[in-house]
Amino acid sequence: MTSDAWVLTALTIITAATPLVYAAIGELVVEKSGVLNLGVEGMMLAGAVASFAVAHVTGLGYLGALAGAVAGTTLAALFALLTLGFQASQVAAGLSLTIFGTGLTALLGQPLVGIAFKGVPEFAIPVLAEVPVIGQLFFRHDLFVYGSFILVPAVAWFLYRTNAGLTLRAVGDSHDAAHALGIQVLRWRLAAILFGGCCAGIAGSYLALSYSPMWVENMTAGRGWIALALVVFATWRPGRLLLGAYLFGAISILQLHGQAVGLEIPSQFMSMLPYLATIIVLVLTSMDRGKISLHAPRCIGQPFYPAS
Amino acid sequence: MMRLYKRSQPSKFWIYAAPLLAVVLTFLSGLLLFALVGVSVPDAVYAFFVEPLSDRYALAELGVKAAPLIMIGVALSVGFRAGVWNIGAEGQLIVGAIAGSAVALKFYEVDAIWVLPLMCAAGVAGGMFWAAIPALLRSVTNASEILTSLMLTYVAALLLSYMVHGPMRDPDGFNFPESRLFHDAATLPLLLDGTRLHVGFAAALIIVLVVWIFMSRTMAGFSLLVAGAAPRAGVFAGFGKHRAVWFSLLFAGGVAGLAGLFEVAGPIGQLLPGISPGYGFSAIIVAFVGRLHPVGAMFAGLLLAWSYLGGEAAQISLNLPVAVTNVFQGLLLFYLLAADVLILYRFTPEVVTPASGSLNTDTVS
Amino acid sequence: MSNKPVQSLQPLLSLKGISKSFPGCLANDSIDLDIQQNEIHALLGQNGAGKSTLVKIMYGLLQPDKGEMTWQGNPLTVRSPAHARRLGIAMVFQHFSLFDSLTVLENIKLGLVGSDNHQSSRQLREEVLSLSERYGLPLAPDKHTYTLSVGEKQRIEILRCLLQSPQLLIMDEPTSVLTPQEVDALFVTLRNLRDDGVAILYISHKLQEIRSLCDRATILRNGVKVAVADPTKESATSLARLMIGDSADREFTDSQPSQSLTGTTLKVRNLSLWPNNNFAINLHDINFDVVPGEILGIAGVAGNGQDELMQVLSGETPVDRDVLQLNFNVCADAELSVSKSITKKIGHLKPGARRKLGLGVIPEERLGQATVPSMSLAENTLLTGFRRLPLAPGGWIKKRRLRNFTGQLLENYNVVYGDLNDAVTSLSGGNLQKLIVGREIEQQPSVLIVSQPTWGVDAGAAAQIRHKLREMAADGVAVLVISQDLDELLEVSTHIMAICAGRTSRVYPSAELDAATIGILMGGDTIESTHKVDAAPVLDGDHDASV
């Protein structure tokens, strides 16, 4: 391959990874607070359909993204109501969020099927964008991609350098101890869940407005679930999460390139790659129980009922 | 301000009343939804709720849709009670259908009585095989069966697509992605003439009965309940760390595979790219709405079958997308989870006394 | 402390006629209590005397039904723990509120949530270091909490309190998890604090400690204040009489092992274990025997490998087959008193198989391990009972038989319960433990392994459970007791060894030990290497690992 081809490949990897970065970093924060939300796929779909609808009507792509974030947050609020308010099982509530999200978006998105959208504008950063290779790779993107570059270090800084981040980690480590210290466990978890929903909504918006600017039923194609696996792969650390997201971006574009190069493998098998890779990555990470036990939030999945 | 108080004992009343409340709330939300989408509410109610139960054929169709839902829902409820979250039943159904179809096509036009049983065995084996993968990964490497079983569903769907486009495509089918139509010896016997109600429905009822006895009367069933309710107690009592994982996944996988085989050998009659309208996922809702109890799952299966028929009818007569079914099912599960809070907790208005401690600020409004 | 209090006769905190009742019990009945500045004031009483309720009221966790409090002469209502801390009342709980995956400094910082303490990490670090030096509370600020001993964890809790410059520090049973040596260090700290003007309310039921540490003692019995005494002028016996009432004379039992020819011996040989888990303790070359009729006590501070050892013994963590052996001595011919010995290697066996061979286990975790919290009393009896009792022949549960048996069991062991179908969580701690102990004993084990038999159990139930254990030993059962409660071990065991950092000490007859010597063992030292014990203890040959 020529260097141009390499840059092009790297660019496709970045774009394929961007929705995963958003969805996974949001879920990472949720899980750090001790909550497992399996509804990422549903929230992403909600974000996708809402953003596409608003962008289509107003013609403003980034206004659509805002709508997508709101839609994701709204579904997350529903999840929070069930799990924090009504003590429902997090697994069941997360699953129902995905099932409901899939159905609702298919219903509401019906009139949007087949409509094309022009996509969102890119912003080249002056001067920096002119640097060869680097400029192309990092400084000629839409706001979604820039946002993903900033979001992960920001979350890492928040979690490990601020008092609020410390409190959030404490809530996920032991909600009983946190409660005993007077920390409002449910409020912190609510905030984390809403943040996760917002991120998933933006991830969906990116798919519908930038990655492939259109609305198709079920267009997330399991990316929400892959994001969940990425959090485990990252052993709940933002830096590794970024690495994992780009790895998956690479795998998911492998299928496109495989077809382009003319490999004799049926397309279905190439399409299986991201899912199989997810399984393999999960297996490899889960085997290292030492690392998992060190970094996994210890209260994950456990409902908290404040006893007085 | 309302505050949640934990009951000293689970409320017997709400165990049964919560699903009914959820159904009522779902129905009311449905009316609202119809009104919002802009269809005539009485028409929608008739099309969605009444038409599917209007005659003998319609009732038989209810059984056709309910059979896989009940079978898989009951099987999943066993696993859910054991704390094993197999959410990949859809994939297990697909692989079962592929395996069974392979037998049917291999012995195409062999008119023998053993063809159908062999297909069933292949369906069960296929589903079990697909479920054995997450079981193996969970018990050996501790990888979450939630994610692996779901990922395998995507893989199974792609495998099915490959099969009907490639090796199992009808040679005389003008390149349509479909297999041959199964011959008579490879097709399920019917329970009611003139309908599509097949023996799979009877099999579903048998599974309900067997699981009911198994879970309430046997040590093996009891050990699964312990594993789900308190995993450490299960290990302490010597029930084996991984037994619940293997049993739950293999059982549900086998049943889902059989259900998949029933679909292709029954109402469909051939292998198609889309053999299931998400039965494997809806069965999760069946299990929850049925209180993770086999008999409950039977009623819940009928209820969700009704929602499928309603969705189809609404599509034809009101031009609504089929997805409306999923919306109803998702809403139902939402309401159920919310209503379930009443089983373990009661709502009491917060009495504000001067001495009320501010520790209780984690309240629910 | 910066705010040196002014000496005055006015009490710092004064309680008048405090009453608090819960459904079915009057926990505090019109209690008066005065705490002066510059004193260590003991709150003395048995489990269930009402101590916890009273301090929870002082700390704002509970509101009194009746009575009033004054703080430096002004009327006081403590609305919440946060309010208490703002007033200058701090409390160190028996169960720590610590986050294992965070560092010491992070834990301390979290303890300041809601206080007005807004300082940078560096300032906080400096303040922590200076406080820890001043009061003899050594701590490494960047260590992860899960690597710390219980004593170090307690120091975090104390430092958390001290950072808020309290005027009153409440300590709830602070020594129950410490080695005697750690207790000495703690007392030095507490005396320093008192001399700096901090009043300390010290809750305990340990008479010796109170006599050596406290200036005054308020004694509670059955929710009523029975006396205020000067503990330095009272004898342990007179304090005990005040605390317990007239029946203070401890039941003293003869704990001679019965010399039975038959019975089962549990042998542990070369047990080493490296769990792949950052939070677990490695076990190093552990060897011991438990013979029929013996009660072997294992002393140790929590988190020194007891959990890991327990899991190996119960079969939750299988090991090599040779590591654990059961030696059955069966009577081949009673008249000639000829016995036959059969050894069975069980290290690889799972819990169910071990139970069938007669190994009964009572774990520390009563809810969630010994029982399934959401299940009924009958179902929880079935949980392990089906192995050796005919409750589910051929795998089919006999519901009626199970109900009858459970009813009988609960009655025999004086368990107070409502209905057999009630969830096991409806039982109180003591009744729950009686159910668990009864369930195991009714299966007639030949070896019984018990962890923390009476932790958190009321006095009556505790006495009953200890009595049952001695009875079992008298019947020729080999009993192993793992406990943090030295008094309990000294009362119940015939032999004692200690575990420290995953290594066990030698086994000593308990008659030759006292709490202080066990403390040395618990700290990982040998008695022989210290001058505290004059003569080397005589070792029972059965227990010598090298034999």
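To find a chain, count down the sequence lines: A is the first, B the second, and so on, and within it residues start at 1.
- Not a single donor-acceptor pair under 3.5 Å links the side chain of B:Arg217 to the backbone N or O of C:Gly395.
- B:Phe239 contributes atom CZ, which lies 8.5 Å from atom OG1 of C:Thr384 (distance to the nearest 0.5 angstrom).
- For C:Arg387, the part lying near chain B is the side chain, with the backbone staying farther off; criterion is any non-hydrogen pair under 4.5 Å.
- Contact detail for B:Phe236 and C:Ala370: the closest heavy-atom pair is CE2-CA, 3.9 Å.
- Within a 6.0 Å sphere centred on CZ of C:Phe93, other residues, nucleotides and ligands contribute more than 12 heavy atoms.
- Considering all non-hydrogen atoms of both residues, C:Ile397 and B:Thr218 come closest at CD1-O, 3.5 Å.
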- Query: Does the side chain to side chain contact (heavy atoms under 4.5 Å, CB included) test come out yes or no for B:Met219 and C:Leu382, once each step is laid out?
  - Reply: CA-CA 9 Å; B:Met219 271 319 287; C:Leu382 182 65; 3.9 Å; yes

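- Both the backbone and the side chain of C:Val361 come within less than 4.5 Å of a heavy atom of chain B.
- C:Lys345 meets the side-chain contact (heavy atoms from CB on, under 4.5 Å) test with C:Arg321, C:Asp322, C:Gln325; sequence neighbours excluded.
- Proximity to chain B (any heavy atom under 4.5 Å) is shown, for C:Asp422, by both the backbone and the side chain.
- Within 6.0 Å of the NZ atom in C:Lys56, the count of heavy atoms belonging to other residues, nucleotides or ligands does not exceed 12.
- Nearest heavy-atom pair across C:Val372 and B:Ala230 is CG1-CB, 3.9 Å.
- How far OG1 of C:Thr317 is from NZ of B:Lys241: 6.5 Å, rounded to the nearest 0.5 Å.
- Looking at every heavy atom in both residues, C:Trp396 comes nearest to B:Ile213 through CZ3-CG2, 3.8 Å.
- Within a 6.0 Å sphere centred on CH2 of C:Trp455, other residues, nucleotides and ligands contribute more than 12 heavy atoms.
- Other residues, nucleotides and ligands contribute only 12 or fewer heavy atoms inside 6.0 Å of the CZ atom of B:Phe129.
- C:Glu365 touches chain B through its side chain: at least one heavy atom from C-beta onward sits under 4.5 Å away, while N, CA, C and O do not.
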- Just do the side chain to side chain contact (heavy atoms under 4.5 Å, CB included) check on B:Phe222 and C:Met375 with the steps written out, would you? CA-CA 11 Å; B:Phe222 177 72; C:Met375 286 189 170; 3.8 Å; yes

